[in-house]
Amino acid sequence: MTARNTQEPRAHTLSDRRLTAQIDPEMHIVAAEPNFSRQFGRTSADTCGRSLYELLHPSAPAVLNRHFARLAEGRSQRFAERMVGLGNAGRVFSGELTGIAVQNTTGRLAGIVVQVRPDAEADGTDLKDVVGIPRERLLSKLDAQVLEGVATGASTVQLAAKLYLSRQGVEYHVGLMLRKLKAPNRAALVARAHSMGMLTVGQWPPRVLPEFIK
């Protein structure tokens, strides 16, 4: 009986998907499967020839350049890193980007296979629908400091001591951001901030990007 081998799952969550493209050593996309292009709000024809960084949040080069340099120099064969992608009409999504070195017959780098795995709830967030105000000025400086602390896992007591606030003051600022970003709890707040590209990617501790601070 081989029936158990003939059944394959037909539905996959977004977290199971790996969307694939190939880039040359200069970071230009030379081939992309349709689903990869569609995730970024483009067609395959429009994707090919572009720099990979045109599809990613502006903070991406600072993090990914080191990984790609290691692939080019033969110091590693693959890497995986968090990313924020840019979709259509101001939509963004978070996920994981994997880079895999492809070598020619002489052992030199011929290209890089890039796989993107969107997060489970990464269908795309319209920033205007979420916050209702211009993207570039979402948080006060103090809000940003509180969010950075929450993103590191700091408790209310720890944040209060660090920022010279009362515990009620910390909770007030957290509550403001929960309502502004329409997040039900702290974990969702950090996830939403990452998906909107508000927090730096590949940096610890995370920092709120300056364009989001009033």
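No experiment lies behind these values; they were computed from the predicted model shown.
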Exercise for review: Sort out for me which residue in Leu139, Leu209, Val84 forms a side-chain contact (heavy atoms from CB on, under 4.5 Å) with Met198.
Suggested key: Leu139
Review point. What's the shortest heavy-atom distance between Ser37 and Thr47, and which atoms?
Key: OG-OG1, 2.9 Å
Check your understanding: Parallel, tilted or perpendicular: which describes the rings of Phe79 and His67, with under 30° parallel and over 60° perpendicular?
Key -> parallel
Point to revise | Pair listing, side-chain hydrogen bond (donor to acceptor under 3.5 Å, both in side chains) test, anchored in residues 23-32, at least two apart | key: none
Practice item. Taking all non-hydrogen atoms of both residues into account, name the closest pair between Ala151 and Leu199 and its distance. Key: CB-CD1, 4.2 Å
**Study point:** Partner residues of Gln103 under the side chain to side chain contact (heavy atoms under 4.5 Å, CB included) criterion, sequence neighbours left out
**Key:** Gln77
Practice item. Check the hydrophobic clustering (I, L, V, M, F, W, Y; side-chain heavy atoms under 4.5 Å; chains of links allowed) and say if Val30 and Leu109 are grouped together. Key: no
Point to revise | Leu159 to Gly149 - nearest heavy-atom pair and separation | key: CD2-CA, 3.5 Å
Check your understanding: So does Arg75 have more than 12 non-hydrogen atoms from other groups sitting under 6.0 Å from CZ?
Key -> yes
Review point. Which residues pass the side chain to side chain donor-acceptor pair (under 3.5 Å) test with Arg50, sequence neighbours left out?
Key: Asp46, Glu54
Check your understanding: Which hydrophobic side chains are connected to Tyr172, either touching it within the sub-4.5 Å cutoff or through other members that do?
Key -> Leu176
Practice item. Could you tell me which non-hydrogen atom of Leu19 sits nearest to which non-hydrogen atom of Phe36, and how far apart they are? Key: O-CD1, 3.5 Å
Point to revise | Nearest non-hydrogen partners of Ala31 and Cys48, listed with the distance | key: CA-SG, 3.9 Å
Review point. How many angstroms lie between CG in Leu86 and CG in Leu55, if you round to the nearest 0.5 Å?
Key: 7.5 Å
Exercise for review: Measure the spacing between CE of Met27 and CD1 of Ile29 and express it to the nearest 0.5 Å.
Suggested key: 9.0 Å
Study note, to complete from the structure: Applied to residues 142-153, the side-chain hydrogen bond (donor to acceptor under 3.5 Å, both in side chains) test, sequence neighbours excluded, yields Ser140-Asp143, Asp143-His173
Practice item. Any chance you could pull the hydrophobic cluster mates of Ile100, using side-chain heavy atoms under 4.5 angstrom and chaining through other members? Key: Val102, Val113
Review point. Between Thr156 and Arg186, is a side-chain hydrogen bond (donor to acceptor under 3.5 Å, both in side chains) present by the stated rule, with each step listed?
Key: CA-CA 11 Å; Thr156 295; Arg186 290 188 178 203; 2.6 Å; yes
